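Here is how names work: the chains are called A, B, and so on, in the same order as the sequence lines, proteins then strands, and each is numbered from 1. Owing to the predicted nature of the structure, the values given are computational and were not obtained by experimental measurement. The figures here come from the full heavy-atom set of this structure, side chains too, leaving out hydrogens, waters and symmetry mates.
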There are 2 protein chains.
Amino acid sequence: MNKPTIRDVAERAGVSTATVSRALNEPRSVSDELKEEVMEAIEELNYKPSSLAQGLKTNMTNTLALVITDNESPFYAKIMRGVEDVALENDYSLFVSNTDEELKKEKLYLEKLQDKATDGIILAPTGRSNEKLNHLLEFNTPIVFIDRWLEELKDRVDTVLANNLKGSYQAVEYLLQKGHERIGIITGVKQVVSSEERLEGYKKALKDKEISIKDELIVEGSYTIEGGVNALKTLLSLKERPTAVFVTNGKMTMGALKLLREKGYTCPDDLSLVSFDDFEWFSILNPPVTAVRQDSYEIGTKSANLLLKKINSGNNESTESVFRVGTELVIRNSVKKV
Amino acid sequence: MNKPTIRDVAERAGVSTATVSRALNEPRSVSDELKEEVMEAIEELNYKPSSLAQGLKTNMTNTLALVITDNESPFYAKIMRGVEDVALENDYSLFVSNTDEELKKEKLYLEKLQDKATDGIILAPTGRSNEKLNHLLEFNTPIVFIDRWLEELKDRVDTVLANNLKGSYQAVEYLLQKGHERIGIITGVKQVVSSEERLEGYKKALKDKEISIKDELIVEGSYTIEGGVNALKTLLSLKERPTAVFVTNGKMTMGALKLLREKGYTCPDDLSLVSFDDFEWFSILNPPVTAVRQDSYEIGTKSANLLLKKINSGNNESTESVFRVGTELVIRNSVKKV
DNA sequence: TAATGTCTTGTAATCGTTTACTCAACTTTA
DNA sequence: TAAAGTTGAGTAAACGATTACAAGACATTA
């Protein structure tokens, strides 16, 4: 059976297509009798207006896109939830895609989105600028960044992200309170703000306690499990080992814990650990891991609401530009007092 | 700046819109000179054909939809990855939505998809039939089920799912080998095949060893963390406790482990445990959890490929109807010998 | 009663593509 | 050299909605 069109409905109800359209879009302008006839026909045929045709005519598709780096990460999975909930509430559908931190894939997806005529895009940029993004901006597609931003576009695109500096500061401050002074940090992907900010929080906390910052204690883990493993390996091979590490995202924490287990080290006895990102399963680990929780669901809802506001206002200028979402240190048992 | 249309390109290249369209869709039918002119104009304007208009004309949108119950579950997150990878390879975009096991949300999303004119849908049905699904089928939208199916639609819709019975059987067989005889099972959502099959595997393994099946050892956990907690509570409150439990999905395993920790029980000393679903973090738990791994990535790729085949063949009849993906028992340390 | 305004409805153009038809300009063939 | 075939282009009609415009039927007003 073919999908019914507005013409089928019109015919069945004995009215013009204009009347059907009006019955649906501005019900008050149609008489009650006709309205009823129309609705009946719609019901009988299971008619739903074609979004394609509507979109073509109205230039609105009621579609958003979420472009993240990895939907398997609980961090992004929760963000996606937030975005989806807001989208659903406002009757928008959602495209989702993963870039795997690859600029190439980011470009590819943005290009596809250009022609899908998405009403707006929420993007976690991989870090470098790219021409497809500029095309989209030229054509006034509303865009909101999450978790990261691009320096060159900072004044044209709003960003929603956690208060990385504060969260990071709290984590390291906590380690200091517990008596640790030789604290390693495993950092994320270079050129990505969230990563840089977390490093800064670490430095600031140390500085405030007048503890010198040692380059050897700063190791890059590039936000992956493997990276976490290797970075911790490096830290553990230091002549003078750190007594604690601050791991700046959940995936790398997973890697770090894996390595500790393999090497037969126990946490926190041999090494204390605090993680940025708090995953659900942290609480059933042995020991339960102390972590900085960022409210990723809120990053999702906030960015989606922001995007919708832009779409609806038709105003594509950003005013406030950076929106911070709170963090919270969840203290468990992976840090020992020294 | 406004999005350039095919007319803008045609004008700039000094040809008709038909030529532009042909240059893009059947390059051999256009002379090299004109083709070059056209391509140049396209480049200069950053022109991308409007999918909306194309879709309206051709009835193909190059869009798939994935409707799952929970993208935060690693099981579905991996499936999504599989689907996305296949989609990207074939130049399709992907809508994703969560039903939270709610029939109401399932209906809502399916209804939205009807008018978006998605080329095909991959659905993890919540378990009960629904009229929106029937509408879609009436209008010949290709659909593939994953992880579950609906009895009434079994002959009209193909399904891709794990070999639940075998995986389950292996898990319980393993427990039996280790000397356990009083084995509890925490089952999933009722009316859902994957859940029923896992229960059956459990029963079959017991029967084959001529161990009687006790109703009190079968408790429903409805696939949620909370459910896992409560179900295990029930099992532990039995006069005669089981020495092992088989937990039939990863989320409930999380709940079970949570409860054990709270109660101060240790695994496997106080209770052995095997999980259906193998999550990445199982290996860093204490003890690492023995689990049945289902290749969810393959469920994703297989279902997507199947769907694409249906879309391309225009043939919406299902022939084989059920596709099974292998499982594997990953033995770690959560089962002790008795 | 005629003029004016309001309320409903229909007609037809339009959004940006694709594609069935045409047709002119060459090639080929006998 | 004339008939037939091949190529490469353009014209214009869809696809399924929305909406400016027109117009008929009433109600209102002077």
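- Residue A:Leu34 has its side chain nearest to C:dT9 when only C:dT9, D:dG10, C:dG10 are considered.
- Comment: A:Lys302 engages A:Glu298 in a salt bridge, judged by a side-chain N to carboxylate O separation of less than 4.0 angstrom.
- Applying the 6.0 Å contact sphere to CD of A:Glu102 captures more than 12 heavy atoms from other residues, nucleotides or ligands.
- Inspection of the A:Glu106 and A:Thr126 side chains reveals an N or O donor paired with an N or O acceptor under 3.5 Å.
- Looking only at atom types and distance, the side chain of B:Asn71 has a donor-acceptor partner in the side chain of B:Asn98 under 3.5 Å away.
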Where protein sits on nucleotides 13-28 of chain C, one letter per nucleotide: B base, S sugar-phosphate only, - none, heavy atoms under 4.0 Å: -BBBBBBB--------

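- For the helix from C:dT1-D:dA30 to C:dA30-D:dT1, the angle separating the two terminal helix axes comes to 50°, with each axis derived from five pairs and the value rounded to 10°.
- Annotation: side chain of B:Phe95 is not in contact with side chain of B:Val67 (no heavy-atom distance under 4.5 Å).
- By the neighbour-count criterion of 12 heavy atoms within 6.0 Å, atom CD of B:Glu138 is densely surrounded, having more than that number from other residues, nucleotides or ligands.
- Residue pairs that meet the ring-ring contact (aromatic ring centres under 6.0 Å, His included) test with at least one member in residues 36-83 of chain A, sequence neighbours left out, do not exist here.
- At a threshold of 4.0 Å, the pair A:Asp158-A:Lys309 does not count as salt-bridged, since none of the basic side-chain nitrogens sits closer than that to a carboxylate oxygen.
- When rounded to the nearest whole Å, the span between NZ of A:Lys35 and C1' of C:dT9 equals 14 Å.
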